[in-house]
Amino acid sequence: MGIIQLLGSTLGLGLVSGINLYATVLVVGLGIRFGVIVLRPELHQLEVLANPVVIVIAGLIFVVEFLADKIKWIDSIWDAVHTFIRPLGAALIGAAALGEVSPESVVIALLCGGVALSGHSTKAGLRLLVNHSPEPFSNVALSLIEDVLVVLGTYV
């Protein structure tokens with residue numbers, strides 16, 4: 001696999017992980033498990049995401065995040081806590097995708113973490129702006145749009 005293809009795959013996962021790490025892990029895990037996502041041989045290490053334990057845990061935390069994301073100000077607190085978790089999770093996905101410790105894997109893991117931090121920062125900043133809106137519907141609508149984008153972005 002060429003480095004550009006590898007970067008495209010891992011950085012794409014890094015970006016959607018920055019928006020919703022648990023949905024990304026859940027979608028990739030379920031996709032692999034049910035044959036919707038077929039991994040290239042070079043990325044076979046990501047098959048660990050199809051483990052039933054990983055899928056159940058990611059699913060449970062996704063449900064908590066899904067609900068927390070719909071409540072004004074709770075979503076910002078959740079995002080503040082995940083400022084550290086999402087980039088680290090994305091970096092781990094990037095490192096796991098390569099399965100080997102090499103200079104390239106370290107660079108890709110750091111790039112995935114950086115892209116996730118960018119995606120997360122954009123999401124968290126936008127959420128703070130929306131939370132100042134007096135009506136409650138924009139927060140829920142934005143959260144649902146984010147959820148759909150993560151699922152579609154992960155598949156792509």
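This one's a predicted model, so the numbers in the text were calculated from it and none came from an experiment. For the numbers below, each heavy atom of this structure counts, side chains included, while hydrogens, waters and symmetry mates do not.
For the pair L11/L15, no side-chain contact is recorded, criterion being any heavy-atom separation below 4.5 Å from C-beta on. In this structure, L39 and I37 have side chains that are in contact, with non-hydrogen atoms separated by less than 4.5 Å. Using a 4.5 Å heavy-atom cutoff, the side chains of P52 and R33 are in contact. Between V54 and V25 the shortest side-chain heavy-atom distance falls below 4.5 Å. Between F84 and L117, the closest side-chain pair of non-hydrogen atoms is not below 4.5 Å.
Taking the six-membered ring for Trp, H82 and Y22 have ring centres closer than 6.0 Å.
L46 is connected to V53 through a chain of hydrophobic side-chain contacts under 4.5 Å among Ile, Leu, Val, Met, Phe, Trp and Tyr, so both are in one cluster. Follow the hydrophobic side-chain contacts under 4.5 Å out from L144 and you reach V64 in the same cluster. Both L26 and L49 belong to a single network of hydrophobic side chains, linked directly or stepwise wherever heavy atoms of I, L, V, M, F, W or Y lie under 4.5 Å apart. No continuous path of hydrophobic side-chain contacts links W78 to L142 [ILVMFWY only; heavy atoms under 4.5 Å]. A continuous path of ILVMFWY side-chain contacts below 4.5 Å connects V28 to I57, so both sit in one hydrophobic cluster.
D147 has a carboxylate O that lies under 4.0 Å from a charged side-chain N of K70, or vice versa, which qualifies the two as a salt bridge. Between D79 and K123 there is a salt bridge, since a side-chain N of the basic residue sits under 4.0 Å from a carboxylate O of the acidic one.
Formation of a donor-acceptor pair under 3.5 Å by the S143 side chain with backbone atoms of N139 is not found in this model. Under a 3.5 Å cut-off, the side chain of S118 and the backbone N or O of G114 do form a donor-acceptor pair. A donor-acceptor contact shorter than 3.5 Å is absent between the side chain of R127 and the backbone of T122. Between the side chain of N131 and the main chain of L129, no donor-acceptor pair closer than 3.5 Å is present.
Here the closest heavy-atom approach between residue A50 and residue I32 is recorded as CB-CG2, 3.7 Å. Across every non-hydrogen atom of I93 and S17, the tightest pair is CD1-OG, 3.7 Å. Across all their heavy atoms, G119 and I19 have their closest contact at O-CG1, 4.3 Å. The two atoms that bring A116 and A90 nearest to each other are CB-CB, 3.4 Å, heavy atoms only.
We find the OG1-CG distance between T83 and L88 to be 11.0 Å, quoted to the nearest 0.5 Å. Interatomic distance, CD1 of I85 versus CD1 of I61, reported as 8.5 Å (0.5 Å rounding). Expressed to the nearest 0.5 Å, how far CG of L21 lies from CZ of F62 amounts to 12.0 Å. T24 OG1 to L13 CG: the interatomic distance, rounded to the nearest 0.5 Å, is 7.0 Å. Rounding to the nearest 0.5 Å places CG of L126 at 7.0 Å from CD of E146.
The ring pair (Phe, Tyr, Trp, His ring centres under 6.0 Å) pairs that include a residue from residues 136-156 number zero, where partners must be two or more places apart or lie in different chains.
For the side-chain hydrogen bond (donor to acceptor under 3.5 Å, both in side chains) test, no residue two or more places apart in sequence or in another chain qualifies with N51.
In the hydrophobic clustering, I71 connects to I74, either directly or through intervening members, whenever side-chain heavy atoms lie under 4.5 Å apart.
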